[in-house]
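Following: one structure in structure tokens, then a few remarks.
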Amino acid sequence: MSSPDPDHIFLESKKECTALALSASGGEGTFLVAGSRDGVIRVYQPPSTKVVRAVNGFGDEISSIAISPLSPTSVKAENGGDGPALRFWVASGRKVFFCDLGVDTSKLILSPSDARETLVLLEEEDDLLNQISLNTSGTKLAFTSDSGVIGIVDLVSENHDRQLLDPSHTSISHPVEFIPGWPTEGGGGSCGSSLGNPESG
């Protein structure tokens, strides 16, 4: 439902919301992406409270969402459409999914099989991803897990090379974020987490 306050929007969901992400492009390219415990992604385009697109059937709860830094204008030009579009990564279970909700996509309800990429980031079957984060160029993805894994994936390398930071860490880790402006943020992958700011060459 909508709020009478024009500066605030309130959404009601029958399922518990477990992850939120807001695109920062502004105007018609602003999207709110909400993930829930039942493994469903719902996309809103504020100020409207109507679901404009959904991705259903992840199985595990949605633990984190990271919006791609690629601007809707760039996506629009690439797809040849006439409206805004959206790309984002979703963490669910041990996997991350790259969803491309381009303007040329006619389906309103998609499934994980429609994802452009699916990566298994955790080896242990009983481990779960907690949070993911992209660097400013969208070329690297950092992740944390229930077992304490903190890692970085190179999204542009052919094999999506994965690097684990502080392998000795075994307690649960959750927040993770790249630090803009660090010398290795775009190349070597500097990443900040609740444990500090580990750096890799």
Side-chain angles (χ1 to χ4, degrees), residues 1-3 8-25 28-72 75-76 79 81 83-122 124-134 138 141-147 149 151 153 155 160 172-177:
M1 63 182 293
S2 300
S3 166
H8 296 80
I9 298 173
F10 293 92
L11 302 172
E12 289 185 351
S13 175
K14 295 181 180 180
K15 302 296 182 179
E16 180 182 353
C17 183
T18 53
L20 281 174
L22 182 68
S23 66
S25 54
E28 68 171 4
T30 298
F31 293 92
L32 176 66
V33 185
S36 56
R37 190 171 296 280
D38 60 348
V40 177
I41 288 284
R42 295 173 177 86
V43 180
Y44 304 86
Q45 195 164 11
S48 172
T49 57
K50 178 182 178 181
V51 177
V52 297
R53 198 71 64 84
V55 188
N56 189 12
F58 285 97
D60 294 296
E61 77 170 54
I62 308 300
S63 58
S64 187
I65 303 165
I67 304 290
S68 170
L70 183 64
S71 70
V75 177
K76 179 174 69 173
N79 289 343
L86 178 66
R87 287 176 172 174
F88 55 89
W89 286 88
V90 175
S92 179
R94 299 185 299 134
K95 302 177 181 179
V96 290
F97 304 81
F98 184 41
C99 300
D100 182 0
L101 306 190
V103 293
D104 61 345
T105 302
S106 59
K107 293 191 295 184
L108 295 179
I109 302 178
L110 295 87
S111 70
S113 62
D114 294 310
R116 291 185 60 178
E117 290 190 82
T118 301
L119 306 177
V120 180
L121 299 186
L122 303 176
E124 299 296 330
E125 293 188 3
D126 59 348
D127 201 3
L128 295 172
L129 290 168
N130 280 329
Q131 187 171 352
I132 57 175
S133 178
L134 291 169
L141 182 145
F143 62 94
T144 59
S145 81
D146 277 357
S147 70
V149 172
V153 180
L155 298 176
H160 293 313
I172 187 170
S173 55
H174 196 278
V176 64
E177 185 175 358

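Index from 1, following the sequence. Because the structure is predicted, anything quoted here is derived from the model rather than measured.
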[X] [atom1] to [Y] [atom2] distance, which is reported to the nearest 0.5 Å:
X: L32; Y: L20; atom1: CG; atom2: CG; answer: 5.5 Å
X: S63; Y: R94; atom1: OG; atom2: CZ; answer: 13.0 Å
X: T30; Y: L86; atom1: OG1; atom2: CG; answer: 10.5 Å
X: I41; Y: F97; atom1: CD1; atom2: CZ; answer: 10.5 Å
X: L155; Y: L119; atom1: CG; atom2: CG; answer: 7.0 Å
X: E61; Y: C17; atom1: CD; atom2: SG; answer: 10.5 Å

Can you tell if the side chain of [X] reaches within under 4.5 Å of the side chain of [Y], non-hydrogen atoms only?
X: D146; Y: N130; answer: yes
X: L110; Y: L101; answer: yes
X: F143; Y: V149; answer: yes
X: R87; Y: R116; answer: yes

Quiz item: Taking I65 as the fixed residue, which of I132, V33, L22 is the one that meets the side chain to side chain contact (heavy atoms under 4.5 Å, CB included) rule?
Solution: V33
Quiz item: So among L121, L128, D127, which one has a side chain to side chain contact (heavy atoms under 4.5 Å, CB included) with S145?
Solution: D127
Practice problem: Inspect the surroundings of CD in E117 and state if more than 12 heavy atoms from other residues, nucleotides or ligands are less than 6.0 Å away. | Solution: yes
Exercise. Check A34 against Y44 and note the closest heavy-atom contact, atom names and distance.
Key: CB-CE1, 4.2 Å
Quiz prompt | Nearest heavy-atom neighbours spanning P112 and G57 | solution = CG-O, 3.5 Å
Is a donor on one side and an acceptor on the other found under 3.5 Å between the side chain of [X] and the backbone of [Y]?
X: S92; Y: D60; value: yes
X: S133; Y: A142; value: no
X: S64; Y: A91; value: no

Quiz item: When you look at S68 and F88, which way does the side-chain contact (heavy atoms from CB on, under 4.5 Å) test go after all the steps?
Solution: CA-CA 5 Å; S68 170; F88 55 89; 5.8 Å; no
Quiz item: Between F58 and V40, is a side-chain contact (heavy atoms from CB on, under 4.5 Å) present by the stated rule, with each step listed?
Solution: CA-CA 7 Å; F58 285 97; V40 177; over 6 Å; no
Exercise. Could you tell me which residues satisfy salt bridge (Lys or Arg N to Asp or Glu O under 4.0 Å) with D114, sequence neighbours excluded, listed by chain and number?
Key: K107
Practice problem: Using the test side-chain hydrogen bond (donor to acceptor under 3.5 Å, both in side chains), find all partners of S36 that sit at least two apart in sequence or belong to another chain. | Solution: D38, R42
